[in-house]
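Every chain is numbered from 1, with letters handed out A, B, ... down the list of sequences.
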Amino acid sequence: MRAMLRHLLHLTLLEIKIFVREPLGVFGSLAVPVLLFLVVGRIAIGSANDSDTREAAPGDIEFLRTDLPVFVAVMIALSAVLSLVTIIGIYREGGILKRLRATPVRPPTILLAHVLVKLIFTAAALGLMLLAGRRFYPVGVDAPLAAFTAALVLTTWSILSIGFVIASLVPTARFAQPLGALLLYPMIPLSGLFTPVETLPPALAAVARFLPLTYAVSLLRGIWSGNPWSAHAGDIAALVLVFVLATAVASRVFRWE
Amino acid sequence: MNPDLVIEVDAIRKAYGPTVAADDVSFAVRRGEIFGLIGPNGAGKTTTMECVEGLREPDAGRIAVLGLDPVRDRRALQLRIGVQLQEAQLQKRIKVWEAVAFWRSLYPTAIDGDPLLRQLGLHDKRDAWFMTLSGGQKQRLFIALALVNDPEVVFLDELTTGLDPQARRAIWDLVHDIRERGKTVFLTTHLMEEAERLCDRVAIIDHGRIVDVDPPAKLIERHCPQRTVVVATDHDGAADRFRAIPSATAVRREGGRHEIEGRGDTLVTDVIHTISEHRMPVSEFRTVLPTLEDVFLTLTGRSIRA
Ligand SMILES: Nc1ncnc2c1ncn2[C@@H]1O[C@H](COP(=O)(O)OP(=O)(O)O)[C@@H](O)[C@H]1O
Ligand SMILES: [Mg+2]
């Protein structure tokens, strides 16, 4: 147990260093979401102020106050998952996973280290986004930061487990990014992010209820608006269930080589 | 269990669907030797080696490494062996010293990294990313990683495949050094020259089956005892003189160039004796000895390069 934690710590630190050296690694995972947040925010407030009344329309303000931050947070989580799927594909194809498995490292430790790296970068991206938001975001940011960060980490952790299932399915590393995107991004319009799930056509609403992202969006939106955790016990349970199911599937179908 | 046998493989079998990669494979590796599993691509070398390392589980048969079962006692065994896998990579942007430091952190006891890198000629590359290393440097790094836990047995799978001859020679010296340090080396190769240069004993494997096991010289003696002496001389009647040698089985002549084929240790001496007895003026003299390639050809009817 002690050795396992030590291996996990060493490997996580090592993988962070390596990720930072990737071209676009830090830029893509930290700068892009922050810029997305600020730039889209500017555009939205601009168009709101251009409308006939001097005051911004309430819908636009609502978009700025909740929808956009939650959307950027979801993008941070999804891009972490895509990055994980790609990395696992490359590591498998290059025999890196196999080489590590021929050492005393326990196989789950290898994967857990990558999960930790992704969670750390998710939290960092979010932190930067909120910090930058305080200064530069048109409507400011007054959300419970620690709670929201925890909610996003929980969301990312849950969806990362789906990433391992996707990583098991992709035939080669080259397909990891496009296939992952194809499976993950279509969840966004159904997740209730821009259109409440209740207003979707019944068939789509039914589909939405099976998507983990729907629960993630509900949780993130609620925590962002200041709801207590207890109001989202159902969302949390759903995300934990997704994690348990996906991990169970991944542990059966995951390919090391 | 014989304490001198570091690896014992007894009738293992491993199939991937309809492909039988290892079929009734048995051999033993002695303490302190360099043992080679040799055969063409697809013969089942990697499969067999990875079963011995505990990375794959054979469908049938029994394996003992240092008295341990590679699958059941995998964790205990991993601390005492070092492996280099065929075609493995590391993270593109991991630095040489980081790889060594991380590998050292995985074992309860590890040797110092700096002397190891120095010994393998990687010291000035310690800050280089893995992706910037040459093929030979990558393989030397993998050797370093295989040695970091001061293992008793070292596994090397196709260590020099894809390297240029100079890098290959440098690696051969390193493998000899490993044995000098008292370790047992189990390697695979499809290069017969490499096997002859490096291995104390070899097992020839073809289509998943072991064909024969022995030191290279013994295999050659057993399966290809014929040797050839080439002599160029314009001495009249030289061919008849050579034909009179009892150990010569055939003599071919092309102009002044004679190929004397025969078997047994005395052939070369006999030819020299005949030359000097008849005072033949000789402009070329060379002996052609069979190699493991010829042994493979004799045993399987196919060239190993095919
Ligand atoms: N993981 C695998 N799945 C299916 N077939 C395999 C696998 N590994 C090896 N084989 C097949 O088993 C045979 C032996 O392969 P291998 O052990 O790699 O031989 P060698 O190392 O001598 O080249 C080959 O026919 C190869 O295609
Ligand atoms: Mg092989």
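- Around atom CZ of B:R74, more than 12 heavy atoms belonging to other residues, nucleotides or ligands sit under 6.0 Å away.
- Heavy atoms of other residues, nucleotides or ligands lying less than 6.0 angstrom from CZ of A:R134 number 12 at most.
- Only the side chain of B:L79 has a heavy atom closer than 4.5 Å to any heavy atom of chain A.
- Using a 4.5 Å cut-off between heavy atoms, A:R6 touches chain B through its side chain atoms alone.
- Looking at B:L145, both its backbone and its side chain come within 4.5 Å of chain A, counting heavy atoms on both sides.
- Contact annotation: the side chain of B:K92 never approaches that of A:R21 to less than 4.5 Å [non-hydrogen atoms, C-beta and beyond].
- Contact count against chain A (heavy-atom pairs under 4.5 Å) is highest for B:R93 among B:Q86, B:E87, B:R93.
- Between A:R99 and B:V83 there is a side-chain heavy-atom pair separated by less than 4.5 Å.
- More than 12 heavy atoms of other residues, nucleotides or ligands lie within 6.0 Å of CZ in B:R181, so this atom counts as buried by the packing criterion.
- By the neighbour-count criterion of 12 heavy atoms within 6.0 Å, atom OH of B:Y16 is densely surrounded, having more than that number from other residues, nucleotides or ligands.
- For the set B:Q84, B:E53, B:K95, the entry with the most heavy-atom pairs within less than 4.5 Å of chain A is B:K95.
- Of the listed residues (B:G82, B:A101, B:S105, B:A88), the greatest number of heavy-atom pairs within a distance under 4.5 Å of chain A belongs to B:S105.
- For A:E93, no part lies under 4.5 angstrom from a heavy atom of chain B.
- In this structure, OH in B:Y107 is found 9.0 Å from NE2 in A:H7, a value given to the nearest 0.5 Å.
- For A:I87, no part sits under 4.5 Å from any heavy atom of chain B, backbone or side chain.
- With a 4.5 angstrom heavy-atom cutoff, B:E50 touches chain A only via side-chain atoms.
- Within a 6.0 Å sphere centred on CZ of A:F243, heavy atoms belonging to other residues, nucleotides or ligands number more than 12.
- With rounding to the nearest 0.5 angstrom, the CD atom of A:E257 is 9.0 Å from the CG atom of B:L85.
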Pair B:Q91-A:Y91, side chain to side chain contact (heavy atoms under 4.5 Å, CB included): steps then yes or no: CA-CA 7 Å; B:Q91 293 90 328; A:Y91 275 41; 2.9 Å; yes
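- When each of A:L100, A:T103, A:I90 is checked for heavy-atom pairs under 4.5 Å with chain B, A:T103 comes out on top.
- Taking A:L11, A:L13, A:I96, A:L14 one by one and counting their heavy-atom pairs under 4.5 Å with chain B, the maximum is reached by A:I96.
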